[in-house]
Structures are given as C-alpha cells and as structure tokens.
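Okay, structure first, notes after.
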Amino acid sequence: CGDISETSLGILSAKFDNSPLIETFVLNGKDLSDYNDGTFDFVATYSVLHHLPDYISIIKEFIRVLKPGGVVYIDHEVSPNYWVLDADYMEYLTELGENFRTYHLHELGLSESQGSMYKSIKNQIWNFKIFFKRKFFVDKSAEFLHEGDIHTNRYDYIKWDRIRKALDSNRSCDKVIEKDYLLCREDGDDPKIWKKWQNKCVDMRYIIARKKRM
C-alpha cells in the first residue's frame with residue numbers, strides 16, 4: 001500500500017500487527033517513477049483522483065507499472081450526475097440532514113432559494129448552462145474545500161471521458177466495468193436512508209480496466 005503520509009502508513013501497518021504480508025511505501029504525490037514498468041498485478045485507488053491536479057498523468061502511470069493482464073481499479077470519484085441538480089438526490093440529502101443539502105448546494109454554486117427550484121423548468125435551463133460551460137470553457141481557479149479537494153465544483157471536476165481515454169491510450173487497456181452508485185453516508189449496520197434511495201439516485205462511480213496482454 002502506498003501513501004504520501006508515513007504516519008498513515010504506520011497506522012495501517014499497526015492495524016495488521018505489522019504483518020509481513022502488508023508492504024507499505026511512501027509515494028511522492030506526483031508519479032510512480034520509483035517503480036519499473038510492469039511491477040504490479042493490481043493498482044487500486046479509492047477517493048484519490050480528485051486530490052490530484054494532473055490525475056490523467058497518474059492514470060498513465062498506473063498503466064505503466066501494471067503487468068500485462070493486470071487490473072486497475074478506480075473508485076469513489078463523483079459521477080457526472082452529482083453535478084446536475086437532481087430532484088431525487090436533493091430529497092436524499094435533505095433526509096440525511098440539512099447540512100448535507102446545504103453543502104451540496106454550495107458545491108453547485110447555488111443558494112438555498114435556487115435549490116428549492118430543482119423541480120422547475122428554470123432549473124432545466126440552469127443545468128443546460130452548466131453543461132455548456134463545462135464543454136466550452138475551463139475554469140482555471142481550483143476551489144479548495146475543507147478536505148483539500150481540488151476537483152470540487154461544477155466547472156472543475158473529474159472528467160470521466162478523459163479517464164476512459166487515458167485507460168485506452170494506445171489501446172493499452174480493456175474496460176471491464178464502469179458503474180455509478182449511491183454512497184452510503186450513514187453509520188451503523190442498517191442504513192435505512194441509503195436503502196430507501198439506492199435505486200433512485202447516484203453520486204459516485206467506479207471503473208475497472210485490464211491491461212492488455214502483448
């Protein structure tokens with residue numbers, strides 16, 4: 001397991017009683033230049049790409065260090081649907097708590113009063129404007145929120161078409177599966193709100209690809 005934080009890696013090792021089966025290494029946060037081509041059978045990230053300014057270059061590094069037939073797994077990155085004001089998703093967040101709803105509206109650059117119009121035709125026009133700006137303009141200023149996220153607003157976001165293109169660069173990988181799902185934000189063994197909404201709305205995506213055998 002790799003991380004930029006030695007402290008985090010130490011905590012991980014301690015949880016597994018410093019088992020020799022768990023090997024940790026400190027990453028530089030920029031690339032995987034310390035590792036040769038074809039080193040690993042499996043590369044996985046969970047909630048990582050949106051912390052990296054040049055996440056496409058990192059994906060290319062994943063492919064480089066994979067052995068032929070190896071698998072890359074990218075998870076917990078927001079789906080395109082997250083950046084569209086969706087009636088079901090807003091109801092889901094409201095049921096979780098007003099703070100969830102308010103935070104999401106902040107990410108979308110909307111006020112509470114604007115958010116209350118999500119079922120109206122006005123909002124269909126708003127969503128079209130957002131789509132237009134995403135397609136033809138690039139916002140150079142990244143918005144850093146409390147987690148230090150970089151791709152965190154409707155203009156600066158993880159672009160899945162670019163991820164797929166990077167994975168398929170030089171026809172290097174086959175996509176195995178790509179799926180959207182609803183993140184569970186409840187504690188406990190019986191997440192009742194998530195169960196209610198899991199088939200009605202989504203906010204996250206994962207993708208699995210296999211490096212082609214030469």
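What you are looking at is a predicted structure, and each value in this text was computed from that prediction instead of being measured.
Side chain of Glu186 to backbone of Ile193: a donor-acceptor contact under 3.5 angstrom is found. In terms of modelled atom types and a separation under 3.5 Å, the side chain of Glu6 and the main chain of Val26 share no donor-acceptor contact. Judged by distance alone, with hydrogens and angles left aside, the side-chain atoms of Asp3 form no donor-acceptor pair with the main-chain N or O of Leu9 at under 3.5 Å.
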**Message:** side chain to side chain contact (heavy atoms under 4.5 Å, CB included), that's the test. Do Arg185 and Asp203 meet it? Break it down for me.
**Reply:** CA-CA 12 Å; Arg185 293 174 169 83; Asp203 54 11; 2.9 Å; yes
**Request:** Take Lys200 and Glu91 through the test side chain to side chain contact (heavy atoms under 4.5 Å, CB included) and record every step on the way to the result.
**Result:** CA-CA 10 Å; Lys200 298 179 182 180; Glu91 292 285 355; over 6 Å; no
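Counting heavy atoms of neighbouring residues, nucleotides and ligands inside a 6.0 Å radius, atom CZ of Arg210 does not exceed 12 of them. The neighbour count for Glu23 CD, taken as heavy atoms of other residues, nucleotides or ligands under 6.0 Å away, does not exceed 12.
Taking the side-chain contact (heavy atoms from CB on, under 4.5 Å) definition, one finds that Asn18 meets it with Ser13, sequence neighbours left out. For Asp41, the side-chain contact (heavy atoms from CB on, under 4.5 Å) partners two or more places apart in sequence, or in a different chain, are Lys67. Under the rule for a side-chain contact (heavy atoms from CB on, under 4.5 Å), the partners of Asn28 that lie at least two apart in sequence or sit in another chain are Lys30, Asp31, Ser33. Shown here are the salt bridge (Lys or Arg N to Asp or Glu O under 4.0 Å) partners of Glu61, two or more places apart in sequence or in another chain: Arg64. By the side-chain contact (heavy atoms from CB on, under 4.5 Å) test, Asp189 is found to be paired with no residue, residues two or more places apart in sequence or in another chain being considered.
Counting heavy atoms from C-beta on, the side chains of Tyr157 and Val78 never come closer than 4.5 Å. Asp180 is not listed as a side-chain neighbour of Asn81, based on a closest heavy-atom distance of 4.5 Å or more. Tyr35 places a side-chain heavy atom less than 4.5 Å from the side chain of Leu27. Using a 4.5 Å heavy-atom cutoff, the side chains of Asp174 and Lys212 are in contact. Residues Lys175 and Leu167 are not in side-chain contact: their nearest non-hydrogen atoms beyond the backbone lie 4.5 Å or more apart. For the pair Lys211 and Val72, the minimum side-chain heavy-atom distance is 4.5 Å or more.
If you take CG on Leu96 and SG on Cys184, they are separated by 8.5 Å, rounding to the nearest 0.5 Å. Here Asp88 contributes atom CG and Asn199 contributes atom CG; the two are 11.5 Å apart, rounded to the nearest 0.5 Å. The line from CG of Asp75 to CG of Leu183 is 9.5 Å long, rounded to the nearest 0.5 Å. With values rounded to the nearest 0.5 angstrom, Ile11 atom CD1 is found 7.5 Å from Lys15 atom NZ. Atom CD of Glu77 and atom OG of Ser47 lie 6.0 Å apart (nearest 0.5 Å). Atoms CD1 and CD1, on Ile63 and Ile58 in that order, are 12.0 Å from each other to the nearest 0.5 Å.
Trp83 and Tyr181 fall within the same hydrophobic cluster, where Ile, Leu, Val, Met, Phe, Trp and Tyr residues are linked whenever their side-chain heavy atoms come under 4.5 Å apart, directly or through other members. Residues Ile208 and Ile74 do not share a hydrophobic cluster, clusters being chains of Ile/Leu/Val/Met/Phe/Trp/Tyr side chains in contact below 4.5 Å. Tyr206 and Ile163 are members of different hydrophobic clusters when ILVMFWY side chains are connected at heavy-atom separations under 4.5 Å. At a threshold of 4.5 Å between side-chain heavy atoms, the hydrophobic network of Ile, Leu, Val, Met, Phe, Trp and Tyr places Met204 and Leu108 in one connected group. The same ILVMFWY cluster, assembled from side-chain heavy atoms under 4.5 Å apart, contains both Leu49 and Phe40.
Closest heavy-atom contact between Ala166 and Ile56: CB-CG2, 3.9 Å. A pairwise comparison of heavy atoms in Arg162 and Tyr55 identifies NH1-OH, 4.2 Å as the closest pair. Gly188 and Pro191 make their closest contact through O-CD, 4.4 Å (heavy atoms, listed as atom of the first residue, atom of the second, distance).
Side-chain contact of Glu107 with Tyr82: a donor-acceptor pair under 3.5 Å is present, judged by distance alone. No hydrogens or angles considered: nothing links the side chains of Glu178 and Trp160 as a donor-acceptor pair under 3.5 Å. Tyr92 and Asp86 are not linked by any side-chain donor-acceptor pair at a separation below 3.5 angstrom, with hydrogens and angles left out of the test.
Ring-plane geometry between His104 and Tyr89 is classed as perpendicular, the angle between the planes exceeding 60 degrees on a 0 to 90 degree scale with a lower cut at 30.
Clustering of Ile, Leu, Val, Met, Phe, Trp and Tyr by side-chain heavy atoms under 4.5 Å joins Phe16 with Leu12, Ile22.
Seen from the ring of Phe62, Lys60 does not count as a face-on cation partner, given the 6.0 Å and 45° thresholds.
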